[in-house]
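To find a chain, count down the sequence lines: A is the first, B the second, and so on, and within it residues start at 1.
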Amino acid sequence: MTGERRARDPYLNHWADHAADKTLRAHPDVKRIVVAAGITPSGVVHIGNFREVITVDLVARALRARGVEVRFIYSWDDFDVFRKVPKDAPQQEMLQGELGKSIADVPDPWGTHESYAAHNIARFEESIAPLGIEPEFIRQHRMYRAGKYAAGIRSALQNAAVIRDLLNAAREATGARTRIADDWLPLAGFCTRCGKDDLSFDYDGEWTVQVHCNGCGHDEAVDFENGSDLKLPWRVDWPMRWGYEKVCFEPGGKDHSSAGGSYDTAKGIVRDIYGWVAPEYVGYDFVSAKGQGGKLSSSKGGVVDVTTCLEVYEPEVLRWLFAGYRPNTEFAISFDLDVIKLYEDYDRTVRLAHEAEDGGKKDKKRQTARRTLELASVPERTIEPGSTPPTLIAFRHLSTVLQTFDGDIAATGDYFVATGELPEADRARFEQRARCVWNWVEQYAPEDFRYRIRTEPVTRDIPEDQREPLRRLVEILRADANPTETDLGGKMSEMSKSGVDMKAFFPVVYDLLLGRDRGPKMSTLLAIMTPAKALPLLEPSLG
RNA sequence: GGGCUCGUAGCUCAGCUGGCAGAGCAGCUGACUUUUAAUCAGCGGGUCGUAGGUUCGAACCCUACCGGGCUCACCA
C-alpha cells in the first residue's frame, strides 16, 4: 500500500477528493485512515458545527472511493467547563450554581437526559441520523475518567517545559504580550469535592498530582493512572488525541486556522511529544441563516440547528448544499424564497448528473454534477451516466398542489400518480419532499404564496357583467365530474375567445374559492379541487 | 502589530496542480400559454480588487498595496 493506490480519475475531482488525495499522500503506509471531527456540546450544536461533521463525512466517502478503509471518529468534548448559562435554558438559577463544573456533570435543565452535555449531544446525534452520517462517537469525559489518556497526560506533564516553550514561541512569533509562567503545568480538571475547575497543581513526576481547589479549599493527591477528573487543556488535549487515535484528517473552523492558533501549536506538540504528525487540515468558514424571520430567535436562542434545516430541506438537498460550497466559502442557509431556487438548482443538477456523456464540453459539468451528487447521496450510491433520474416534483408546483389538498400528502401523491407525473416507485421520495414543502409553506412562505380553499361558502353580490361567465363556469363544472386540467384549460380558452374578460372574471372566482383575488392557475386549481368541491362554493352566488 | 483567508458578470458561486474567462438566477428579445406565471428558443453582460514580477502563456505562482472576514487567552 504505497504510492498511488488508485490511478487518478479525473472525475474524482471534488474538493473532498482533493482532501482525500492529500491525506493519502501524507499517509501512504497507513492501512486504515482515521478521520476525525470534534465539537464541544456546551450549547445547542448548530448548523455551523454541522459543517465540521459533513466535511469529514464527505472526505471519508472520497477516501473510501479510493478503496481505503476509513475510521470516522467524532469526539464530543464534553469534559469542557460549563462557562455560560444559555439564555433560553430553563432553571437559570440552578444552572448559575453549576458554572465551573464539567458540562458532563451539570444536570440537564430540560430533565430529559443524564446531563446538560448529554442533552445537547443526543439532540445533535439524532438530527444527523437521517443524513446518513454514522461516525463512531467518543465522549471525552468517559475517556479521561477511564484513564485512556493517562499516558498522554503523563507525557505532557513530564514535558511541560517543552510544551511551554512551544506555546511561548508561538506567542512570540505572533507578537502576543504575555508569556506562560515557568511553573505552569499543562493540566486542568475538576475538584472531586465541589466539581469546579479552579485548581492548583503540584506534580510528582509520575502518576500523582497534588490538587488544591481554590474554590472549596479541598486538598487531594490524585492518581490519574487509571482515570480521574484531571484533563489536558485544549491546546494540548487536541494533539494528544491526534496521537492517541492516529488521526490523518481533521478539519477546523476558521478560528483555529491562523498562525499561533490551536492547530498551529498542536502541530508542534504532536510532533515533539506524541510522536505523530498533525492531520491533514481543511479550514471551513461559518454558516449563517437567512430568512427565518422572528421564528427562531425565541425558540432556539437565535441558533439554527440541523433539525430546523431538515424541516425544509430534504437530507440529500442539505448535503448537496454543503458539498457544493468549498469549505472556505461562507454561506447562509436560506429559509425564504431562495429555498425554491435551491430546489430548482438541485433538480437540475440531478438531471444533469444522469445524462449520458457525449464527449463534448458539457461532459465536465456532467461529471461535476454527478460527483457532487454522489457525495451528497443518502444512502450513498453511485450514479451511472445515461441512467434514469428519479422523478422529482418541482418545489413550486408541489407547493401549489399541496395547498390545494390542504397539506394532505397522501392525497397529493395520489393526484400526481393519477396525472402520470409521479411513478409509484418514487413515492417515498415524493413524500419526503412534500413534508418539506408543507413545512416551508406553513412556516416561511410569504403571504402571497399561501392560500387555503374556503371551508364555508360565501354568497357574494356578483357584478352584472360577471354573472353570465360565472354561470358558464358552473355549467362546465356540472357537465363533467372529473375534468382534467387540460379539459378545463380548453374551456377557459373558449370562454376567453367568446369575449369574456378573464382578467376581470378570475378575481371573482378566486374570491369565492379562496377568499383572495389571485391564485394558482385556474384550470389546475379546479381540476384538483374537483367540481364536487368547487360547485358548492360557486353556486350560492348565482342567486 | 503578526498571521490566515477571501475579492471573478447585477446577485450567488464554479474555475481541477498555469493553456481561448463559466454556470444558475436576475435582465432583455421572441414564441406559446389566459393568473402567485410555467415552458421553449435566443441575446447582452467581466480591466478576474490594484500595481508590478516570473513565464511562450497567469484568475491561478511571487511581491507590494487596497478592501472585507477571521485570528493571535493558564477557553474548548
Side-chain angles (χ1 to χ4, degrees), chain A residues 8 10-15 17-18 21 38-42 77-84 103 140 164 167 170-181 183-188 197-201 231-238 253-265 283 285-286 324-326 328-332 334 338 340-342 344-345 348-349 352 361-362 364-365 367-369 371-372 394 396-397 399-400 403 445-451 489 492-493 495-497 500-503 505-507 509-510 514 516-525:
Chain A
R8 182 177 164 76
Y11 148 70
L12 296 174
N13 200 28
H14 190 265
W15 57 259
D17 290 312
H18 293 285
D21 286 335
I39 290 169
T40 301
S42 56
D77 293 341
D78 60 355
F79 217 22
D80 189 13
V81 183
F82 186 55
R83 278 190 205 80
K84 218 170 74 184
I103 53 173
Q140 291 302 315
R164 187 191 58 221
L167 294 178
R171 290 187 185 196
E172 185 155 2
T174 60
R177 275 165 267 122
T178 57
R179 294 289 179 273
I180 294 168
D183 62 348
W184 173 81
L185 285 173
L187 196 62
D197 72 330
D198 186 9
L199 308 177
S200 302
F201 307 110
K231 62 166 188 170
L232 295 172
W234 161 250
R235 278 179 185 262
V236 186
D237 170 82
W238 202 17
K254 64 191 294 187
D255 47 336
H256 293 309
S257 314
S258 67
S262 49
Y263 179 80
D264 195 35
T265 57
D285 211 320
F286 301 132
Y325 285 104
R326 294 177 310 175
N328 61 359
T329 299
E330 181 177 358
F331 73 99
S334 295
D338 287 356
I340 298 174
K341 176 188 179 301
L342 289 168
E344 282 172 356
D345 286 350
R348 189 181 308 109
T349 304
L352 188 62
K361 278 187 295 189
K362 212 176 167 190
K364 198 170 162 184
K365 294 186 193 314
Q367 290 175 0
T368 302
R371 183 62 184 141
T372 308
R396 195 180 200 118
H397 182 39
S399 84
T400 299
Q403 289 187 83
E447 273 309 311
D448 286 359
F449 235 89
R450 307 165 62 166
Y451 67 87
M492 300 292 131
S493 211
M495 284 181 72
S496 176
K497 281 175 190 148
V500 177
D501 179 0
M502 304 304 259
K503 270 208 158 61
F505 175 54
F506 277 141
V509 184
Y510 283 121
L514 310 174
R516 47 188 297 169
D517 60 4
R518 292 168 69 87
K521 193 169 168 185
M522 188 60 80
S523 52
T524 313
L525 180 64

Next on the checklist: Once ring pair (Phe, Tyr, Trp, His ring centres under 6.0 Å) is applied, do any residues pair with Phe286(A), and if so which ones, sequence neighbours excluded?
Outcome noted: none
Checklist entry - Minimum heavy-atom separation for Pro520(A) to Thr400(A), with atom names? => result CB-CG2, 3.2 Å
Checklist entry - Side chains of Asp517(A) and Tyr510(A): closer than 4.5 Å at any heavy-atom pair? => result no
Next on the checklist: In this structure, how many angstroms lie between the C1' atom of rC75(B) and the CH2 atom of Trp238(A), rounded?
Outcome noted: 14 Å
Checklist entry - Are the charged groups of Arg348(A) and Asp345(A) less than 4.0 angstrom apart, N to O? => result yes
Item to check | Whole-Å distance separating the CZ atom of Arg516(A) from the P atom of rU35(B) | outcome: 15 Å
Checklist entry - So how far is it from Arg516(A) CZ to Tyr451(A) OH, rounded to the nearest 0.5 Å? => result 9.5 Å
Item to check | Closest-nucleotide 5' rank along RNA chain B - winner of Trp15(A) and Gly519(A) | outcome: Trp15(A)
Next on the checklist: Classify Pro446(A) by what it touches in the nucleic acid, base, sugar-phosphate, or nothing, heavy-atom distance under 4.0 Å.
Outcome noted: nothing
Checklist entry - What nucleotide among rU35(B), rC70(B), rC16(B) has an atom nearest to a side-chain atom of Phe286(A)? => result rC70(B)
Checklist entry - What integer distance in Å separates Leu167(A):CG from rC72(B):C1'? => result 12 Å
Item to check | Interatomic distance at P, rU47(B) relative to rA21(B), whole Å | outcome: 13 Å
Next on the checklist: Please classify the nucleic acid contact of Tyr325(A) as base, sugar-phosphate, or nothing, using heavy-atom distances under 4.0 Å.
Outcome noted: sugar-phosphate
Next on the checklist: Does any part of the side chain of Arg179(A), heavy atoms only, come nearer than 4.5 Å to the side chain of Arg164(A), both counted from C-beta?
Outcome noted: no
Checklist entry - Would you say Asp237(A) and Lys231(A) make side-chain contact, with heavy atoms under 4.5 Å? => result no
Checklist entry - For the pair made of CZ in Arg83(A) and C1' in rA73(B), what is the distance, rounded to whole Å? => result 11 Å
Item to check | P atoms of rU54(B) and rG69(B), separation to the nearest Å | outcome: 35 Å
Checklist entry - Between Arg450(A) and Glu447(A), does at least one N-O distance fall below 4.0 Å, as a salt bridge requires? => result yes
Item to check | Integer angstrom distance from the C1' of rU29(B) to that of rC6(B) | outcome: 37 Å
Checklist entry - Has Thr524(A) got a side-chain N or O lying under 4.0 Å from the OP1 or OP2 atom of rU35(B)? => result no
Checklist entry - Can you check whether Gln140(A)'s main-chain N or O pairs, donor with acceptor, with Asp78(A)'s side chain at less than 3.5 Å? => result yes
Checklist outcome for this item: One should read off an interatomic distance between Thr265(A) OG1 and Leu167(A) CG, to the nearest 0.5 angstrom, of 5.5 Å
Item to check | Whole-Å C1' distance, rU55(B) and rC60(B) | outcome: 13 Å
Checklist entry - What's the NZ-P distance between Lys84(A) and rA76(B), to the nearest Å? => result 15 Å
Checklist outcome for this item: Checking rC13(B), rA76(B), rC16(B) against the side chain of Phe331(A) (C-beta onward), the nearest is rC13(B)
Next on the checklist: Taking any heavy-atom pair under 4.0 Å as a contact, classify Gly261(A): base, sugar-phosphate, or nothing.
Outcome noted: nothing
For nucleotides 4-10 of chain B, tabulate all protein N/O to nucleotide N/O atom pairs closer than 3.5 Å, reporting atom names and distance.
unit_1	atom_1	unit_2	atom_2	d
rC6(B)	OP1	Asn328(A)	ND2	3.4

All N/O pairs under 3.5 Å across the protein-nucleotides 37-40 of chain B interface:
unit_1	atom_1	unit_2	atom_2	d
rA37(B)	OP1	Arg396(A)	NH2	3.1

Checklist outcome for this item: Taken to the nearest whole Å, CH2/Trp234(A) to C1'/rC72(B) is 16 Å
Next on the checklist: My validator wants the stems of RNA chain B: runs of 3 or more consecutive Watson-Crick or G-U pairs, both distances under 3.5 Å, written as range with range.
Outcome noted: B:1-7 with B:66-72, B:10-13 with B:22-25, B:27-31 with B:39-43, B:49-53 with B:61-65
Next on the checklist: Within the structure provided, determine whether Leu525(A) and Val509(A) are in side-chain contact (heavy-atom separation under 4.5 Å).
Outcome noted: no
Checklist entry - Quantified in whole Å, what is the P atom distance between nucleotide rG7(B) and nucleotide rG49(B)? => result 7 Å
Next on the checklist: Work out how far the C1' atom of rA23(B) is from that of rC48(B), and round it to whole angstrom.
Outcome noted: 16 Å
Checklist entry - When the C1' atoms of rG18(B) and rG53(B) are considered, how many whole Å apart are they? => result 15 Å
Next on the checklist: Please compare Phe79(A) and Lys521(A) by the position of their nearest nucleotide in RNA chain B and report the one closer to 5'.
Outcome noted: Lys521(A)
Checklist outcome for this item: Here the gap from His18(A) atom NE2 to Arg326(A) atom CZ, rounded to the nearest 0.5 Å, amounts to 11.0 Å
Checklist entry - Would you say Met492(A) and Phe505(A) make side-chain contact, with heavy atoms under 4.5 Å? => result no
Item to check | Point-to-point distance, once rounded to the nearest 0.5 Å, from CG of Asp285(A) to CZ of Phe331(A) | outcome: 10.0 Å
Pairs under 3.5 angstrom, nitrogen or oxygen only, protein versus nucleotides 19-24 of chain B, please.
unit_1	atom_1	unit_2	atom_2	d
rA23(B)	OP1	Lys365(A)	NZ	3.4
rG24(B)	O3'	Arg348(A)	NH2	3.2
rG24(B)	O2'	Asp345(A)	OD1	2.9

Checklist entry - Which is true for Thr329(A) with a 4.0 Å heavy-atom rule: it touches a base, it touches only sugar-phosphate, or it touches nothing? => result sugar-phosphate
Might you list the N or O atoms of the protein lying below 3.5 Å from N or O atoms in nucleotides 58-61 of chain B, with each pair's distance?
none

Checklist entry - What distance, rounded to whole Å, do you find between the two P atoms, one in rA37(B) and one in rG19(B)? => result 43 Å
Next on the checklist: Donor-acceptor pair, distance only, cut-off 3.5 Å: does the side chain of Gln403(A) make one with the backbone of Phe449(A)?
Outcome noted: yes
Checklist entry - When we call it a touch if two heavy atoms are under 4.0 Å apart, what does Ser523(A) touch: a base, just sugar-phosphate, or nothing? => result nothing
Checklist entry - Please give, in whole Å, the distance from rC75(B) C1' to Lys231(A) NZ? => result 9 Å
Item to check | Protein-nucleotide distance (Asp338(A), atom CG; rU12(B), atom C1'), rounded to Å | outcome: 9 Å
Next on the checklist: Base, sugar-phosphate or nothing for Pro520(A)? Non-hydrogen atoms, less than 4.0 Å.
Outcome noted: base
Checklist entry - Do Asn13(A) and Gln367(A) have side chains that get closer than 4.5 Å, going by heavy atoms? => result no
Next on the checklist: At 4.0 Å (heavy atoms only), tell me whether Met502(A) reaches a base, stays on the sugar-phosphate, or touches nothing.
Outcome noted: base
Checklist entry - Between atom CZ of Phe201(A) and atom CG of Leu185(A), what is the distance when rounded to the nearest 0.5 Å? => result 8.0 Å
Checklist entry - Going by the angle between their ring planes, with limits at 30° and 60°, are Trp234(A) and Trp238(A) parallel, tilted or perpendicular? => result parallel
Item to check | Point-to-point distance, once rounded to the nearest 0.5 Å, from CG of Leu199(A) to CG of Leu187(A) | outcome: 8.5 Å
